[in-house]
Protein chains: 2
Amino acid sequence: MPNTRLDAIDRRILAALQRDARLSNVQLAEEVNLSPSPCLRRVRQLEAAGLIRGYHAELDRGGVGLGLTVFVGVKVERHHEAEANAFREAVVALPEVVSAHLVSGESDFLLQVVVADLAAYERFLTGTLLRLPGVSDIRSNFAIQTVKEHGPLPLTRPGGEGR
Amino acid sequence: MPNTRLDAIDRRILAALQRDARLSNVQLAEEVNLSPSPCLRRVRQLEAAGLIRGYHAELDRGGVGLGLTVFVGVKVERHHEAEANAFREAVVALPEVVSAHLVSGESDFLLQVVVADLAAYERFLTGTLLRLPGVSDIRSNFAIQTVKEHGPLPLTRPGGEGR
DNA sequence: ATAAAATTGGCAGAAAATGCCAATGAAGAA
DNA sequence: TTCTTCATTGGCATTTTCTGCCAATTTTAT
């Protein structure tokens with residue numbers, strides 16, 4: 001049972017849990033117009049199917065002393081498979097890197113880096129990032145203001161695949 | 001009581017809830033070596049203090065039919081306060097935009113956009129983004145591979161402020 | 001229309017959440 | 001150091017929630 005198509009109730013469940021992952025099953029059931037039993041069963045099913053990958057608390061970055069977010073574009077020496085792989089593995093292990101994508105365009109990788117302040121970023125850049133295997137160029141873009149963050153995925157497909 | 005400094009237990013609570021926001025209070029208490037009562041009190045306190053901004057389910061983007069992530073750099077006509085404000089407000093209202101930052105560097109804003117596929121992105125770009133107030137230039141970087149996502153914030157300060 | 005299959009709602013026992021209070025531990029004053 | 005004060009803890013009792021099971025209902029296919 002790999003891909004049982006989502007119905008309207010599943011989508012409402014996902015939307016609700018995106019918004020508030022700590023809803024009790026009773027509240028959730030009420031919100032999607034179902035009784036608790038089948039509601040819980042659907043949630044478990046969505047988890048088992050891998051559609052729900054986890055539940056996370058969203059923290060205030062400034063509040064925990066991580067006041068600086070930087071988007072870092074990284075070029076790796078000519079995609080030499082080996083270089084790129086080594087870079088990938090190194091990056092997932094770095095706690096300061098909260099997300100990393102291989103992207104098209106000017107840079108090869110785009111990282112989101114979270115640190116306490118400029119001094120910490122300098123340390124991270126010169127002491128860690130620049131020493132990673134295969135790195136040939138780095139462009140740092142500092143987040144000056146966060147306009148939107150952790151927005152929910154738009155589940156009411158505005159014209160997507162399927163059905 | 002705005003900013004009661006975090007102690008080691010608070011930090012462990014935050015770390016645990018970042019990893020799994022659906023831990024029961026009993027499990028959480030055990031994990032941080034506290035009995036359930038004070039543990040719950042601390043969690044409530046962290047919520048009230050704004051350090052915990054919410055709890056969210058992390059979904060599988062492909063699984064919900066949103067297979068394409070694009071990082072979009074946007075230039076706004078010369079930061080004309082008015083233009084930038086209008087742009088900000090427009091952007092937070094767009095469901096396809098899951099994050100948006102004002103950044104230093106080549107672009108003024110960096111958006112993360114999630115859509116079903118290239119066709120949907122084309123529609124979004126020409127039908128929505130390019131029509132926003134003050135937009136003067138757009139650079140689209142497509143995510144080819146996700147190396148790391150939703151990484152936890154590094155709470156064991158690797159040399160940050162304070163203390 | 002009939003039959004098979006999946007899904008639902010309710011119930012009961014087990015577990016968790018939550019508010020309260022006395023006891024413990026830490027910080028400061030004398 | 002010793003005493004006092006204040007914050008925090010742990011345990012208890014009540015309420016709420018979770019969770020597995022079964023009969024009833026709805027849906028799908030023939």
Side-chain angles (χ1 to χ4, degrees), chain A residues 1-60 63-65 152 155-157 161-163, chain B residues 1-60 63-65 152 155-157 161-163:
Chain A
M1 34 111 240
N3 205 6
T4 320
R5 191 103 227 95
L6 300 180
D7 65 12
I9 295 182
D10 289 323
R11 240 169 293 128
R12 266 185 295 169
I13 289 176
L14 293 177
L17 290 178
Q18 270 196 110
R19 196 190 63 231
D20 182 1
R22 294 216 75 155
L23 283 172
S24 76
N25 183 55
V26 174
Q27 293 173 293
L28 179 60
E30 189 175 343
E31 188 164 332
V32 302
N33 283 315
L34 220 57
S35 66
S37 298
C39 183
L40 182 61
R41 232 170 306 143
R42 278 168 181 263
V43 172
R44 294 286 177 262
Q45 209 170 292
L46 291 167
E47 290 170 352
L51 280 171
I52 298 177
R53 300 180 44 155
Y55 303 94
H56 308 288
E58 177 195 355
L59 308 187
D60 179 73
V64 297
L155 295 183
T156 51
R157 77 203 46 198
E161 52 107 43
R163 204 326 170 301
Chain B
M1 34 111 240
N3 207 5
T4 321
R5 192 103 227 95
L6 300 179
D7 65 11
I9 295 182
D10 288 324
R11 238 166 297 127
R12 264 184 296 167
I13 289 176
L14 293 177
L17 290 178
Q18 269 195 110
R19 197 190 61 228
D20 182 1
R22 295 217 72 155
L23 283 172
S24 75
N25 183 55
V26 173
Q27 292 173 294
L28 179 60
E30 188 175 345
E31 188 163 331
V32 302
N33 282 314
L34 221 57
S35 67
S37 298
C39 182
L40 183 61
R41 229 170 308 143
R42 278 168 180 261
V43 172
R44 293 286 177 263
Q45 210 170 290
L46 291 166
E47 290 169 352
L51 280 171
I52 297 177
R53 302 180 43 156
Y55 303 93
H56 308 288
E58 176 195 353
L59 307 187
D60 178 73
V64 298
L155 295 183
T156 52
R157 76 205 46 200
E161 52 108 41
R163 198 321 167 302

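Naming: A, B, ... by sequence-line order, numbering from 1 per chain.
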How close or far is atom [atom2] of [N] from atom [atom1] of [X], stated in whole angstroms?
{"X": "B:Leu28", "N": "D:dG10", "atom1": "CG", "atom2": "P", "result": "13 Å"}
{"X": "B:Arg42", "N": "D:dT8", "atom1": "CZ", "atom2": "C1'", "result": "8 Å"}
{"X": "B:Glu30", "N": "D:dG11", "atom1": "CD", "atom2": "C1'", "result": "17 Å"}
{"X": "B:Leu6", "N": "D:dT8", "atom1": "CG", "atom2": "C1'", "result": "16 Å"}
{"X": "B:Glu47", "N": "C:dT18", "atom1": "CD", "atom2": "C1'", "result": "13 Å"}
{"X": "B:Gln45", "N": "C:dT18", "atom1": "CD", "atom2": "P", "result": "15 Å"}
{"X": "B:Asp7", "N": "C:dA26", "atom1": "CG", "atom2": "C1'", "result": "13 Å"}
{"X": "B:Asn33", "N": "D:dT8", "atom1": "CG", "atom2": "P", "result": "18 Å"}

All pairs passing side chain to side chain donor-acceptor pair (under 3.5 Å) where residues 30-39 of chain B contributes a residue, at least two apart: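 As it turns out, the side chain to side chain donor-acceptor pair (under 3.5 Å) pairs with a partner in residues 30-39 of chain B, which skip direct neighbours, are B:Arg19-B:Glu31.
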
Pairing residues for [X] by the side chain to side chain donor-acceptor pair (under 3.5 Å) criterion, not counting sequence neighbours:
{"X": "A:Glu58", "answer": "B:His56"}
{"X": "A:Arg42", "answer": "A:Asp7, A:Asp10"}
{"X": "A:Arg44", "answer": "A:Glu47"}

Approximate separation, where rounding is to 0.5 Å, of B:Asn25 CG and B:Leu40 CG: 4.5 Å

Nearest-0.5 Å distance that lies between atom CG in B:Leu34 and atom CZ in B:Arg12: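 Those atoms lie 8.5 Å apart.
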
Helical bend (five base pairs per end, nearest 10°) for the helix from C:dA1-D:dT30 to C:dA30-D:dT1: 50°

Side chain to side chain contact (heavy atoms under 4.5 Å, CB included) partners of B:Ala21, counting only residues at least two apart: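 B:Ala21: side chain to side chain contact (heavy atoms under 4.5 Å, CB included) contacts with A:Tyr55, B:Tyr55.
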
Atom of B:Leu28, atom of B:Ala16 and distance for their closest heavy-atom approach: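 Heavy-atom minimum between the residues: CD1-CB, 3.6 Å.
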
Letter per nucleotide, 5' to 3', of nucleotides 16-22 of chain D [B base touched, S only sugar-phosphate touched, - untouched; heavy atoms, 4.0 Å]: -SSSB--

Any residue meeting salt bridge (charged side-chain N to carboxylate O under 4.0 Å, His left out) with A:Asp20, in chain and number order, not counting sequence neighbours: none

